[in-house]
Amino acid sequence: MSGGTDRAGQSEVTALQAALAAEHATVYGYGVVGGLVGARHRAEARAAYDAHRARRDALVRAVRDLGGTPVAASAGYALPFPVQDGTAAVRLAARLEERVAGVYSDLVRATAGARRADAAGALREAAVRAVRWSGESVAFPGLTERSGEHTGAAGATPTATAAADR
């Protein structure tokens, strides 16, 4: 970051970096989803993958605009549970959306103006996709999901492989 970034600016960059890391993990996760989900969900998975790639790219630009160096994607991420079939892939898609919504919730709190509006839009989109994938909704997307667990970057832990957490 540049030397002139104040504390509020640092907080914003930190939140943007967390959202970027979450998007990296989510894009990776949708690669797994797309490889296993059935034909019925393939278009939805592709649309979500494209949406998250676009959000990721916008976050890279936002971090750079504030003088930061965007966090890079990891070579691989550990998945939150074994994903070996289409049913598990659908569950993974819902989990990815729930967790990225939590990170966007943090970004909403850390930003103002147009960035806050964009973060709120991303939170809303993730919450809608989570409901589509899971068939269930929560009162406060991005908050309830995180109350009982530490999620980090969309809940995925960077690793050298995509092995499932044990």
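Not measured: the values here are computed from a predicted model.
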Please name the pair of heavy atoms, one in [X] and one in [Y], separated by the smallest distance, quoted to 0.1 Å.
X      : Y      : result
Val108 : Ala120 : CG2-N, 3.5 Å
Glu97  : Ala48  : OE2-CB, 4.1 Å
Ala45  : Val33  : CB-CG1, 4.1 Å
Val103 : Ala22  : CG2-CB, 3.8 Å
Ala19  : Tyr104 : CB-CE2, 4.2 Å
Pro80  : Arg95  : CB-NH1, 3.5 Å

### Residues Arg132 and Glu44 bridged, charged N to O under 4.0 Å
no

### Query
Could Asp50 and Arg46 be called an ion pair, given the rule that one side-chain N must be under 4.0 Å from one carboxylate O?
yes

### Task
Using the test ring pair (Phe, Tyr, Trp, His ring centres under 6.0 Å), find all partners of His52 that sit at least two apart in sequence or belong to another chain.
Tyr30

Between [atom1] of [X] and [atom2] of [Y], what distance do you get to the nearest 0.5 Å?
X      : Y      : atom1 : atom2 : answer
Leu16  : Arg64  : CG    : CZ    : 13.0 Å
Arg55  : Leu20  : CZ    : CG    : 13.0 Å
Leu92  : Leu36  : CG    : CG    : 9.0 Å
Leu107 : Thr14  : CG    : OG1   : 11.0 Å
Leu123 : Arg116 : CG    : CZ    : 12.0 Å

With distance as the sole test, does [X] use its side chain to make a donor-acceptor pair with the main-chain N or O of [Y] at under 3.5 Å?
X      : Y      : answer
Ser134 : Ala130 : yes
Arg56  : His24  : no
Gln17  : Val71  : yes

### Query
Hey, does the Lys NZ or Arg CZ of Arg91 hover above the aromatic six-ring of Phe81, less than 6.0 Å from the centre and inside 45° of the axis?
yes

### Message
Between Glu136 and Val131, is there a side-chain heavy-atom distance shorter than 4.5 Å?
### Response
no

### Task
Could you walk me through whether Tyr28 and Glu23 pass side chain to side chain donor-acceptor pair (under 3.5 Å), step by step?
CA-CA 8 Å; Tyr28 178 90; Glu23 287 293 5; over 6 Å; no

